[in-house]
Amino acid sequence: MGLLSSIKSTLIISLSIFMPALCSNYTINCSQPTQPALLEALSPVFNLNDIRPVRNMSTCTNVTTFFTLYGILGVDEKAQLLTTYIWLQCSWMNEFVSWDPVQCGTDVMSLPSSQFWIPDIVINEFMEENKAPPVPYLYLYSNGLVNRALPVRVVSSCNLNIYTFPFDIQNCTFTFNSYLHYASDIKIFLGRSAELITQISKSVMATMGEWELLEITAYKVNHDGENENLYYDELEYHIRLRRRPTMYVVNLLLPSCFLITVDLFSFLLPPQSVDRSAFKMTLILGYTVFLLIMNDLLPVTGNTIPLINVFFSLCLALMVASLLETILITNLLCGSADFSPVPHWMRVLVLQFLGVIVCMPRMNKKPRVSEIDLKTRTAVATIETYVGPHEPKGQSAEDLAVYELKKLGKDLQAIRLKVDQELKDSQSSEDWMQVGFIIDRLLFGLYILFISVSFITIIIIWVNLYNK
């Protein structure tokens, strides 16, 4: 063990002494100004592809990076993933390489990337393997600058806020940093302004689907005062995306508004008719089937409930409430003949007070029949006493005529008594029907008011959050 330790320490000391000298000798001299001659002269540099290309180990390698957003492939709200396609470019200095462009015939040459040290720059939010086609080459310049460009299919995590769906704007982050090297070894810098990155990305954007690119901003994470050996240098890109809501407005919102409007106008149907209840039940069934069919268009996430789900639930609740109100009113109107007379407090509250509010004045009140009933009953009893139960015998024709007339009068009075009783019951039934019509009109007004306030509130919330 002691021998191995001494050998290891000797090797480290030797490398620390001779490495700068060896590296300082890698100034390329070409035998002739051709690519084969330059490639042959670069052969010693290829053997150093496993170490960071600096002559002094305390020297930091500055990596400049930027990307062009070529396509937005999709957003998975349930898994909180953003899939994009970018063109990534990185550049850094290789201090082991330099040559005279005149002597070697060129100032830049494409070489296999496997022959050089590549910084381990990663995107922290990366969630899947890069499935883009590999690019095996990079550019090497005469001053030692290395430029590497490659396509990347980025499947990154993104905290999606879909409360305002489908009028939502998402802000996703790409954080570039070295996976292994601390800031003392590798520092990352922005290679192109964020405004230019946004402009170029919009001009080359290939996918014009559901999402629209608003802007790309860059932010350098500040670690002032911290030890460079204790943190990783980071560069953050913020990508703001806006969803195109046209498809969702046409396929989801407009049909819901149409159905709720039809349900609103169904109040114009006669409430005592069974067709009104059947019509509303058909609307509820149709709306339920509509929501089941369009369920795949709605986002699914456990973080927040989208406002559009609240909108659909509100529409369905209003339709159900409208049906329950229709059932109540229909029962009140159709079964009023079996009800007791309208209580006094309800007569005052509904027929007099609420009837004026909903512009439904009380129907003309028919005359009371209590006094007529009393006189009728007395007259009938008198006739029965006078006439008797049997037809008189041995009387003249004149007496028989009088008897028949009195008997006929008795029958007429009985009929009148029955009619007056029916009129009394009819008056109670009409009062209950008037109560039903007034309540129906009142609930119709409240239905309109609730729909208007709810829809305006939801629209204002959508607009305010969309404009932020």
Side-chain angles (χ1 to χ4, degrees), residues 15-30 35 37-68 86-123 135-150 152 175-194 196-197 218 220-223 228-229 231-237:
L15 287 174
S16 62
I17 295 175
F18 294 107
M19 182 61 70
L22 290 174
C23 295
S24 62
N25 292 332
Y26 288 128
T27 299
I28 305 303
N29 294 315
C30 300
Q35 283 193 355
L38 178 58
L39 181 62
E40 183 180 358
L42 289 172
S43 297
V45 180
F46 297 157
N47 297 326
L48 302 175
N49 61 348
D50 293 331
I51 60 175
R52 192 162 57 90
V54 290
R55 298 183 180 184
N56 189 344
M57 295 302 294
S58 61
T59 302
C60 177
T61 301
N62 296 328
V63 180
T64 60
T65 180
F66 64 91
F67 67 87
T68 300
I86 65 175
W87 295 335
L88 179 63
Q89 292 198 28
C90 298
S91 59
W92 63 93
M93 293 299 299
N94 189 326
E95 298 181 5
F96 298 162
V97 181
S98 65
W99 72 82
D100 185 1
V102 177
Q103 181 187 12
C104 296
T106 182
D107 63 344
V108 61
M109 186 176 183
S110 62
L111 295 168
S113 57
S114 59
Q115 301 294 335
F116 294 88
W117 176 86
I118 304 297
D120 55 339
I121 304 299
V122 296
I123 300 176
V135 177
Y137 295 97
L138 52 75
Y139 275 124
L140 179 64
Y141 292 85
S142 59
N143 61 351
L145 178 65
V146 182
N147 187 11
R148 186 183 186 218
L150 69 159
V152 182
T175 304
F176 289 83
N177 64 271
S178 173
Y179 189 78
L180 179 64
H181 296 85
Y182 290 104
S184 58
D185 295 331
I186 292 180
K187 289 186 178 180
I188 306 174
F189 297 92
L190 183 63
R192 181 180 288 174
S193 66
L196 185 58
I197 292 175
K220 178 73 173 178
V221 180
N222 192 3
H223 294 279
E228 292 185 346
N229 293 319
Y231 70 90
Y232 299 96
D233 198 51
E234 296 178 342
L235 178 62
E236 292 184 356
Y237 288 92

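As the structure is a prediction and not an experimental result, all values here were calculated from the model.
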Quick one: does [X]'s side chain get under 4.5 Å of [Y]'s, heavy atoms only?
X    : Y    : answer
R192 : T68  : yes
L190 : I197 : yes
I118 : L138 : yes
V221 : Y231 : no

Once rounded to the nearest 0.5 Å, what's the spacing between atom [atom1] of [X] and atom [atom2] of [Y]?
X    : Y    : atom1 : atom2 : value
N29  : W99  : CG    : CH2   : 12.5 Å
L140 : S113 : CG    : OG    : 12.5 Å
F176 : I188 : CZ    : CD1   : 8.5 Å
M93  : N62  : CE    : CG    : 10.0 Å
L39  : L111 : CG    : CG    : 6.5 Å
S43  : N47  : OG    : CG    : 8.0 Å

### Message
If I compare all heavy atoms of M109 with all of Q35, which pair ends up nearest, and what's the gap?
### Response
CE-O, 3.8 Å
### Query
Do you know the tightest heavy-atom contact between S91 and L145?
CB-CD1, 4.1 Å
### Verdict with supporting geometry, D233 and V63, side-chain contact (heavy atoms from CB on, under 4.5 Å)
CA-CA 11 Å; D233 198 51; V63 180; over 6 Å; no
#### Entry: With N94 via side-chain contact (heavy atoms from CB on, under 4.5 Å) - residues at least two apart
P53, F96, V97, F116, V146
### Query
Under 30°, 30 to 60°, or over 60°: which ring-plane class applies to Y182 and Y232, parallel, tilted or perpendicular?
parallel
### Query
Taking only residues two or more places apart in sequence, or in another chain, which ones meet N49 in a side-chain hydrogen bond (donor to acceptor under 3.5 Å, both in side chains)?
none
### Query
Is the backbone N or O of N177 less than 3.5 Å from a side-chain atom of E234, with the two atoms forming a donor-acceptor pair by type?
no
### Query
salt bridge (Lys or Arg N to Asp or Glu O under 4.0 Å): which pairs involve residues 175-187, sequence neighbours left out?
R52-D185, K187-E228
### Query
Just wondering, more than 12 heavy atoms not from Y179 lying within 6.0 Å of its OH?
no
### Message
Does F66 form a side-chain contact (heavy atoms from CB on, under 4.5 Å) with L196? I'd like the steps, not just the answer.
### Response
CA-CA 10 Å; F66 64 91; L196 185 58; over 6 Å; no
### Test side-chain contact (heavy atoms from CB on, under 4.5 Å) applied to E95 and N56, step by step
CA-CA 10 Å; E95 298 181 5; N56 189 344; over 6 Å; no
### Query
What residues, two or more places apart in sequence or in another chain, satisfy disulfide (SG to SG under 2.5 Å) together with C60?
none
### Contacts of type disulfide (SG to SG under 2.5 Å), residue C90, not counting sequence neighbours
none
#### Entry: Full working for side-chain contact (heavy atoms from CB on, under 4.5 Å) between I121 and W92
CA-CA 12 Å; I121 304 299; W92 63 93; over 6 Å; no
### Task
Among residues two or more places apart or on two chains, list those pairs meeting side chain to side chain donor-acceptor pair (under 3.5 Å) that have a residue in residues 140-150.
none
